[in-house]
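Inspection log for the structure reproduced underneath, given as structure tokens.
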Amino acid sequence: ASGTSPSERSQKLRDIEAICAEVAQAPGLFLLRYGVTYILWNEQREPQWELKRLGVPLEKVEQGEGWSLWKVMASVSG
């Protein structure tokens with residue numbers, strides 16, 4: 001037993017789902033809040049990724065076979 005009751009696990013899961021939904025609504029704000037400076041995109045594994053949805057200006061700084069590295073710029077776009 002992990003020491004966590006089923007009701008506690010259910011509450012933690014609801015909390016995590018709520019936080020994920022909040023981040024999904026404004027990912028750029030969270031990137032800036034937590035000081036994210038680079039995003040590594042595995043283009044081979046996640047070709048459908050849409051970087052524009054992050055809502056922050058990005059600059060491609062490096063690219064290789066199946067990946068690219070993007071620098072997060074300082075401000076959030078509206």
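- Linking ILVMFWY residues whenever their side-chain heavy atoms come closer than 4.5 Å, directly or via other members, leaves W67 and W70 in distinct clusters.
- Taking a 4.5 Å side-chain heavy-atom cut-off between Ile, Leu, Val, Met, Phe, Trp and Tyr, the cluster of I16 contains only that residue.
- Using modelled atom types and a 3.5 Å distance limit, the side chains of E62 and S68 yield no donor-acceptor pair.
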Output side-chain donor-acceptor pairs under 3.5 Å for residues 18-42, partner residues at least two apart or in another chain, one line each.
unit_1: W41; atom_1: NE1; unit_2: E46; atom_2: O; d: 2.8
unit_1: N42; atom_1: OD1; unit_2: Q44; atom_2: N; d: 3.3
unit_1: N42; atom_1: OD1; unit_2: R45; atom_2: N; d: 2.9

Assess whether side chain to side chain contact (heavy atoms under 4.5 Å, CB included) is satisfied between K71 and K60, documenting all intermediate values.
CA-CA 6 Å; K71 180 172 178 52; K60 188 187 290 186; over 6 Å; no
Q11 vs E8, side chain to side chain contact (heavy atoms under 4.5 Å, CB included): CA-CA, chis, key distance, verdict:
CA-CA 5 Å; Q11 182 58 50; E8 289 172 319; 5.7 Å; no
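- At most 12 heavy atoms of other shown residues, nucleotides or ligands fall within 6.0 angstrom of atom CD in E65.
- Hydrophobic cluster membership differs between L69 and L58, with clusters built from Ile, Leu, Val, Met, Phe, Trp and Tyr side chains linked at under 4.5 angstrom.
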